[in-house]
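As the structure is a computational prediction, the values presented were derived from the model and not from experiment.
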Amino acid sequence: MRTFSRWMALAVLVGGPAAYADRNDIVLSQLGNGGTANADFQAFSRTLAAVVTSATLTPPKSLGHAGFAVNAELGVVGLPSDTYLPTEREQTGSVLVPSIHVRKGLPFSIDLGARVGWLDRSSLFAATGEIRWAVNEGFIAWLPDIALRLHATQLLNTRNMHLTATGLDASVGKQFPIGGMVTLTPYGGIDLTGVRSRADAVRLADNAVVTYEELKGFSNINTRFYAGGRFIGGALQLGAEVSMATLGSVDGARRGVTAGSSVPAGALSSVLAFNATLGLDF
């Protein structure tokens, strides 16, 4: 009997984490099947896309054809209080997004990059691929550095929600030498991101099965404005960035937003974020 009890305890320890749901895990059934369900799903999708695409954290200057950089990043993203977020527990106002960002320089002022981020206190990850082209990086001395970036982010490890965010980013900046191998680069830019999101059939508590209206790519655009700075001393990189993403509006009334409020029923609040990075540039 004692041996059986020990095996049972081991099974609980091993199998318990697989069934555990953390506070920020998605529970789409909370959206229900009411009159606001589709609008709530659209608002949640666009807000979640803004959270996982809240950082650029790279100035426009390229790494150079032999360059390589790896960074640890941390984002603090504010969550709008008027958007219903169907998660295991009620949101506290902000969420942390730690990530690892790797970039490799190529010829012709092109960089390739990959980022993997984790949504704090959840089982959700976001994988991003990017390609950046430095249109001008000192070729015309009186112009700032200018770069264009294409990026795509896929939300991973979701049970019944599929979200992809694809965008085009334009940035400007200027590198200033401080002394020796130390430089400071302020930069800023705008990022236009299309959000595509769909949900599998969702079973509600009363066993009813519902589906929500799909968001289709570039008919749902988030616009993010950002500004930051990058300090480089030798191989060490330090950087910080602030951003604001405007999410536009969705069709129909949303939960908790009435027609008599100061904000139109379909209008979505902006998402504010602060991001920091620490890494090595070779």
K.L.:
Sequence neighbours left out, what pairs pass side chain to side chain donor-acceptor pair (under 3.5 Å) with at least one residue falling in residues 175-190?
P.N.:
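The answer is Tyr187-Glu241.
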K.L.:
Do Asn160 and Val202 come within less than 4.5 Å of each other through their side chains, counting heavy atoms only?
P.N.:
yes
K.L.:
Taking all heavy atoms of Pro80 and all of Val271, pick out the closest pair and write down the distance.
P.N.:
CD-CG2, 4.1 Å
K.L.:
Quick check: does any side chain N or O of Gln30 sit under 3.5 Å from a backbone N or O of Thr87, one acting as donor and the other as acceptor?
P.N.:
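Yes; at least one donor-acceptor contact below 3.5 Å.
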K.L.:
Within a 6.0 Å radius of atom CZ on Phe108, are there more than 12 heavy atoms belonging to other residues, nucleotides or ligands?
P.N.:
no
K.L.:
If we ignore hydrogens and angles and just use 3.5 Å, is the side chain of Lys104 paired with the main-chain N or O of His65 as donor and acceptor?
P.N.:
yes
K.L.:
If we count only N and O atoms by modelled type, under 3.5 Å, do the side chains of Asn24 and Glu88 hold a donor and an acceptor together?
P.N.:
no
K.L.:
Are the side chain of Thr36 and the backbone of Ala39 linked by a donor-acceptor contact shorter than 3.5 Å?
P.N.:
no
K.L.:
Please check this pair: side chain of Arg23 against backbone of Glu90, looking for a donor-acceptor N/O pair closer than 3.5 Å.
P.N.:
yes
K.L.:
Any side-chain heavy-atom pair from Leu48 and Met161 closer than 4.5 angstrom?
P.N.:
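Yes, at least one pair of side-chain atoms sits under 4.5 Å.
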K.L.:
Given the rule that I, L, V, M, F, W and Y join up when any side-chain heavy atoms are under 4.5 Å apart, are Ile190 and Tyr226 in one cluster?
P.N.:
no
K.L.:
Could you tell me whether the side chains of Asp111 and Ser62 share a donor-acceptor contact shorter than 3.5 Å?
P.N.:
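Distance-only check fails for Asp111 and Ser62.
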K.L.:
Can you tell which of Val51, Asp120, Leu124 makes a side-chain contact (heavy atoms from CB on, under 4.5 Å) with Val97?
P.N.:
Val51
K.L.:
Please evaluate residues Asn222 and Thr193 with respect to the criterion side chain to side chain donor-acceptor pair (under 3.5 Å), reporting the C-alpha separation (whole Å), side-chain torsions for both, the decisive distance (0.1 Å), and the verdict.
P.N.:
CA-CA 5 Å; Asn222 291 349; Thr193 301; over 6 Å; no
K.L.:
Residues two or more places apart in sequence or in another chain: which of them pass ring-ring contact (aromatic ring centres under 6.0 Å, His included) with Phe41?
P.N.:
Tyr212
K.L.:
Do Ile26 and Val210 land in one hydrophobic cluster if side-chain heavy atoms of ILVMFWY residues count as linked below 4.5 Å?
P.N.:
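Ile26 clusters together with Val210.
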K.L.:
Before giving the answer on side chain to side chain donor-acceptor pair (under 3.5 Å), spell out for Glu137 and Ser109 the whole-Å C-alpha distance, their side-chain angles and the decisive distance to 0.1 Å.
P.N.:
CA-CA 8 Å; Glu137 49 177 353; Ser109 300; 2.6 Å; yes
K.L.:
Please determine whether a side-chain nitrogen of the Lys or Arg among Arg121 and Asp22 lies less than 4.0 Å from a carboxylate oxygen of the Asp or Glu.
P.N.:
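No, this pair does not count.
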K.L.:
Measuring from Leu143:CG to Asn136:CG, what's the distance to the nearest 0.5 Å?
P.N.:
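Interatomic distance, Leu143 CG to Asn136 CG, rounded to 0.5 Å: 5.5 Å.
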K.L.:
Any donor-acceptor pair under 3.5 Å linking the side chain of Gln154 with the backbone of Leu163?
P.N.:
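Present.
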K.L.:
Please determine whether a side-chain nitrogen of the Lys or Arg among Asp191 and Arg224 lies less than 4.0 Å from a carboxylate oxygen of the Asp or Glu.
P.N.:
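Yes, Asp191 and Arg224 are salt-bridged.
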K.L.:
Look at the rings of Phe125 and Trp118 and say which category their plane angle falls in: under 30° parallel, 30 to 60° tilted, over 60° perpendicular.
P.N.:
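Rings of Phe125 and Trp118: tilted, 30 to 60°.
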K.L.:
Of Leu150, Leu106, Leu148, Thr56, which meets side-chain contact (heavy atoms from CB on, under 4.5 Å) against Arg132?
P.N.:
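The side-chain contact (heavy atoms from CB on, under 4.5 Å) with Arg132 is passed solely by Thr56 among Leu150, Leu106, Leu148, Thr56.
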K.L.:
Could you tell me whether Arg149 and Glu130 have a side-chain N and a carboxylate O separated by less than 4.0 Å?
P.N.:
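Yes, this pair counts.
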K.L.:
Okay, side chain of Ser243, backbone of Ser54: is any donor-acceptor separation there less than 3.5 Å?
P.N.:
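Yes; at least one donor-acceptor contact below 3.5 Å.
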K.L.:
Does Lys216 offer a backbone N or O that forms a donor-acceptor pair with the side chain of Ser219 under 3.5 Å?
P.N.:
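Answer holds: yes.
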K.L.:
Is the closest basic N to carboxylate O distance between Arg198 and Glu213 below 4.0 Å?
P.N.:
no
K.L.:
What distance do Leu215 atom CG and Arg46 atom CZ have between them, rounded to the nearest 0.5 Å?
P.N.:
7.0 Å
K.L.:
Extract all donor-acceptor atom pairs below 3.5 Å that involve side chains of residues 244-252 and protein atoms in other chains or at least two apart in sequence.
P.N.:
| residue | atom | partner | partner atom | Å |
| --- | --- | --- | --- | --- |
| Thr246 | OG1 | Thr223 | O | 3.2 |

